[in-house]
**Student:** 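This is the structure I have questions about; it appears just below.
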Amino acid sequence: MTAETQLPQANGSCCSPSGSCHDGADAGATADAGVTTVYQVTGMTCGHCEGAVSEEISGIEGVTSVKAVASTGQVTVISAAPLTDDAVRAAVDEAGYELVGRA
């Protein structure tokens, strides 16, 4: 019986104690972490492009997270306060890509 009790805990590699893959704590933490804005960027075609855009945008004061996806051209930015489009445009330009606007 002890093995049966311990087995679900050992196999629950990605699941929370409640048995779900997302226990809701992560979603709340992300929402409290700042302002999330999604931008549309053209010209990204690969992981290198994603890294270049992410690195430049990460350099903007207040930015806490950047995720660029070349296949969609979308860049999700989390910042402590709203960013100006001009600051994001300058960072994307510096990386060699074009900011279309907010997605």
**Student:** According to side-chain hydrogen bond (donor to acceptor under 3.5 Å, both in side chains), who are the partners of D85, at least two apart in sequence or on a separate chain?
**Tutor:**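 Partners of D85 by the side-chain hydrogen bond (donor to acceptor under 3.5 Å, both in side chains) criterion, ordered by chain and then number, come out as R102.
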**Student:** List the residues meeting side-chain contact (heavy atoms from CB on, under 4.5 Å) with S71, not counting sequence neighbours, and say none if there are none.
**Tutor:**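 S71: side-chain contact (heavy atoms from CB on, under 4.5 Å) contacts with V69.
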**Student:** Could you pull out all residues at least two apart from A90 that satisfy side-chain contact (heavy atoms from CB on, under 4.5 Å)?
**Tutor:**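 Applying side-chain contact (heavy atoms from CB on, under 4.5 Å) to A90 gives none.
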**Student:** Linking Ile, Leu, Val, Met, Phe, Trp and Tyr by side-chain heavy atoms under 4.5 Å, what else ends up with V63?
**Tutor:**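 Its cluster partners, ordered by chain and number, are Y39, V41, M44, V53, I57, I60, V66, V75, V77, L83, V88, V92, Y97, L99.
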**Student:** Check A52 against A95 and note the closest heavy-atom contact, atom names and distance.
**Tutor:**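 Answer, listing the atom of A52 first, then A95: O-CB, 3.7 Å.
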**Student:** Any side-chain hydrogen bond (donor to acceptor under 3.5 Å, both in side chains) involving residues 42-62? Give me the pairs, sequence neighbours left out, ordered by first then second residue.
**Tutor:**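 Found none.
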